[in-house]
Protein chains: 4
Amino acid sequence: MVRDPSEDSVPRRLLSAATKLFAQRGFDRTSVQEIVSAAGVTKGAMYHYFGSKDDLLSEIYGRVLRLQTEQLEKVAATEAPVRERLRQAATDVVTSTIENLDDTTIFLQSMHQLSPDKQNAVRSERRRYHERFRSLIEEGQREGQFRTDKPADIVVDFFFGSVHHLGSWYRSSGRLSARQVGEHYADLLLDALRP
Amino acid sequence: MVRDPSEDSVPRRLLSAATKLFAQRGFDRTSVQEIVSAAGVTKGAMYHYFGSKDDLLSEIYGRVLRLQTEQLEKVAATEAPVRERLRQAATDVVTSTIENLDDTTIFLQSMHQLSPDKQNAVRSERRRYHERFRSLIEEGQREGQFRTDKPADIVVDFFFGSVHHLGSWYRSSGRLSARQVGEHYADLLLDALRP
Amino acid sequence: MVRDPSEDSVPRRLLSAATKLFAQRGFDRTSVQEIVSAAGVTKGAMYHYFGSKDDLLSEIYGRVLRLQTEQLEKVAATEAPVRERLRQAATDVVTSTIENLDDTTIFLQSMHQLSPDKQNAVRSERRRYHERFRSLIEEGQREGQFRTDKPADIVVDFFFGSVHHLGSWYRSSGRLSARQVGEHYADLLLDALRP
Amino acid sequence: MVRDPSEDSVPRRLLSAATKLFAQRGFDRTSVQEIVSAAGVTKGAMYHYFGSKDDLLSEIYGRVLRLQTEQLEKVAATEAPVRERLRQAATDVVTSTIENLDDTTIFLQSMHQLSPDKQNAVRSERRRYHERFRSLIEEGQREGQFRTDKPADIVVDFFFGSVHHLGSWYRSSGRLSARQVGEHYADLLLDALRP
DNA sequence: AATGAATGAGCTTTCATTCAT
DNA sequence: GATGAATGAAAGCTCATTCAT
């Protein structure tokens with residue numbers, strides 16, 4: 001059978017429909033019926049591929065978490081000076097957050113609606129990510145590149161608050177590109193860290 | 001009828017129970033039955049005082065918004081140099097956010113679950129608040145106190161992201177007081193704005 | 001408001017409709033919708049009075065168990081010779097089983113479809129009932145009234161098998177009354193126990 | 001293809017898995033998916049060999065019914081005195097019921113969950129079996145071996161109730177063997193029939 | 001002979017809200 | 001002011017069965 005290339009596989013269509021709807025109306029306000037209708041399949045098909053509505057959400061999280069973790073590991077491992085590595089990491093996370101704004105909006109708004117153990121899995125992945133980011137800051141503090149009168153964990157929470165908030169105001173139709181916002185944010189972070 | 005002073009009025013008990021529950025489990029996951037049980041009244045009583053479950057949420061928003069707006073107006077109107085006024089405003093909003101962490105957590109997580117018109121009302125109040133804050137930054141930029149290569153609205157969103165995120169990590173049992181966090185955050189903001 | 005005496009209370013109507021339907025089609029084959037339609041109310045009303053479909057079943061069990069336990073205690077406590085007390089107890093349990101044939105049919109067929117803890121509650125009540133019956137047989141064995149070469153517990157299971165089976169064959173339109181069947185069964189039991 | 005002799009044919013594995021599961025959880029509570037998973041095949045395979053889930057149940061019934069009917073015919077046809085033939089038939093049915101306890105448990109619990117026409121088929125087979133058993137009793141009554149003040153059909157129902165009930169209490173780990181229970185039950189029946 | 005994706009109808013349960021009292 | 005019985009719509013999920021391959 002020939003496949004229209006525009007016609008994705010069923011699980012992919014389900015994930016994509018769910019992402020859009022969860023971002024628009026929230027996880028709880030989106031019914032399984034709405035998701036499967038948007039994906040053009042029936043409920044049975046969805047439950048054939050995903051164990052539950054929660055599973056859809058977890059899967060969406062997983063994708064973006066894995067992507068960002070990968071990017072961070074790659075940048076952190078380069079030979080560049082720590083200031084440059086932190087700047088790059090900060091720019092990257094802002095850019096990729098904006099490029100996947102639906103996923104990350106859902107992340108922020110719906111995580112606490114998952115079942116406790118799925119929440120823990122996501123949280124610990126997230127924690128590892130933050131710890132990796134924090135260790136960059138600590139490295140710069142040890143080298144005398146960054147101020148030492150601010151605890152690194154406070155700075156991390158300060159910065160990721162800003163990042164998570166992007167979904168509430170950034171519009172792709174606005175005057176700034178994802179990259180421009182990323183650079184502004186990285187500047188603000190780096191300058192706030194000047195000794 | 002004699003009133004035990006510790007026994008608040010019915011609407012107050014309802015608001016307080018709703019606040020706690022919404023913060024713990026989210027708006028959608030909290031049933032009206034749970035709220036009225038926690039408040040020690042019946043459903044009928046709740047619908048006597050509040051038109052709907054949405055109304056409870058709006059009311060909770062309203063309280064904290066009014067409080068923070070008031071604080072900001074007061075600080076902005078003083079004669080102090082703009083750097084001092086911004087520092088005070090930043091410290092204040094962090095401190096009062098932490099002191100009302102339940103309310104502000106709800107704010108962040110549940111706003112998009114309100115009916116559209118209630119959402120607009122809240123949003124426009126919020127926007128006015130942000131504009132007042134932004135105008136402080138712009139004043140400092142005009143006076144040459146703050147850098148001018150960062151648009152003031154980006155800085156506002158950057159900072160309020162950090163503030164909204166407090167609910168996801170701040171614990172009153174941690175090593176930092178609300179005031180200490182406020183001062184750290186204000187320092188980071190002010191230093192990021194150094195010319 | 002004047003009440004038509006033929007119009008029972010809602011919970012009573014629900015129990016009665018459920019009893020009839022469970023007996024006819026089995027617990028699993030009966031939907032909540034069928035029950036509430038038969039009772040002339042809505043699902044919401046049912047869930048207002050009963051926590052679950054299981055609860056309806058438990059309640060039906062409870063009623064007939066309590067009735068039969070009471071009858072047995074009363075007979076066992078009289079001064080009559082043990083043969084007479086056993087004969088009366090046997091006749092009674094057959095008669096009341098037939099008179100509540102729907103309830104006891106359900107008992108037999110649907111007990112294993114209850115949640116484990118409800119099942120245990122029912123089972124232990126049932127066990128107490130059987131133990132009381134067995135102690136009557138043992139008393140007769142000690143007095144030399146009954147044969148001693150058959151363990152009392154085997155006899156109890158033998159007899160209650162017969163009783164539980166009534167629902168599969170007894171029809172009120174048949175040639176024997178409940179009392180007549182009770183007397184036949186009691187005779188068979190007593191004569192099987194002759195030394 | 002070489003066949004591991006321990007590896008039964010697919011239909012046999014399906015029947016055996018279904019028997020175990022139906023006995024454990026009941027017919028309605030067992031899904032086709034569970035059966036095929038337990039048998040290590042897929043749904044398609046099951047529907048290749050059996051027309052429906054009901055068919056599995058009918059097949060299980062059929063096997064045990066045919067077995068017991070055969071045994072009864074054999075015993076009834078011997079030349080032994082009627083008391084001995086009845087004793088043997090009673091012992092046999094108890095023993096074979098216990099030896100196939102899963103099948104007979106299902107028989108008792110799930111028969112009424114079959115489609116009406118399959119139910120009728122099973123019922124009429126069962127009736128023939130009971131009639132053959134009853135005719136033994138009537139033969140003994142005519143010969144003066146058994147009491148005549150108890151209708152034979154009542155005695156048959158009395159006894160088969162006991163037999164059907166075996167599944168609710170008999171455990172192979174208990175103190176009595178299948179044969180011992182069979183003898184106790186046969187004694188109780190024969191002695192209840194003493195003139 | 002066998003697979004497994006997909007269907008579609010049905011299930012129990014939850015819940016915000018109303019209203020006679 | 002307050003009760004709590006009752007509604008009715010919708011939710012997430014299950015499952016026997018079909019069918020193209």
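Please read all numbers here as calculations on a predicted model, not as lab measurements. In what follows, chains carry the letters A, B, and so on, assigned in the order in which the sequence lines appear, proteins first and then strands, with residues in each chain numbered from 1. Scope of the values below: all heavy atoms of this structure, side chains included, with no hydrogens, waters or symmetry mates.
- Tyr47(C) places its OH atom 18 Å from the P atom of dA10(F), with the value rounded to the nearest Å.
- Residue Lys43(B) places no side-chain atom within donor-acceptor reach of the base of dT3(F), judged by atom type and a 3.5 Å distance cut-off alone.
- Side-chain atoms of Ser31(B) lie closest to dC15(E) of the nucleotides dC15(E), dT17(E), dA6(E).
- For Ala45(D), the side-chain atoms get nearest to dA2(E) when compared with the rest of dT17(E), dC13(F), dA2(E).
- Of the candidate nucleotides dG1(F), dT17(E), dT3(F), dG1(F) has the atom nearest to the side chain of Tyr49(B).
- Look at CZ on Arg29(B): it is 12 Å from C1' on dA11(F), rounded to the nearest Å.
- Listed here is the closest heavy atom pair of Thr104(C) and Leu101(C): OG1-O, 3.2 Å.
- For Thr42(D), counting side-chain heavy atoms from C-beta on, the closest listed nucleotide (dC13(F), dA2(E), dG8(F)) is dA2(E).
- Salt-bridge formation is detected for the pair Arg66(C)/Glu59(C): a Lys NZ or Arg NE/NH1/NH2 atom is positioned less than 4.0 Å from an Asp or Glu carboxylate oxygen.
- Between Lys53(B) and Phe27(B) the shortest heavy-atom distance is NZ-O, 3.1 Å.
- When rounded to the nearest whole Å, the span between CE of Met46(B) and P of dC15(E) equals 14 Å.
- No donor-acceptor contact under 3.5 angstrom links the side chains of Thr30(C) and Gln24(C), judged on distance only.
- When distances are taken from the side chain of His48(C) to each of dA5(E), dT12(E), dG4(F), the shortest belongs to dG4(F).
- Computed from coordinates, the Leu21(C) CG to dT12(E) P distance equals 12 Å when rounded to whole Å.
- Distance from the side chain of Val32(D) is smallest for dT17(F) among the nucleotides dT12(E), dT18(E), dT17(F).
- Of the nucleotides present, dA2(E) is the one that pairs with dT21(F) by Watson-Crick or G-U wobble criteria, both distances under 3.5 Å.
- Along DNA chain E, the nucleotide nearest Gly51(C) and the nucleotide nearest Gly40(D) are compared for position; the residue whose nucleotide lies closer to the 5' end is Gly40(D).
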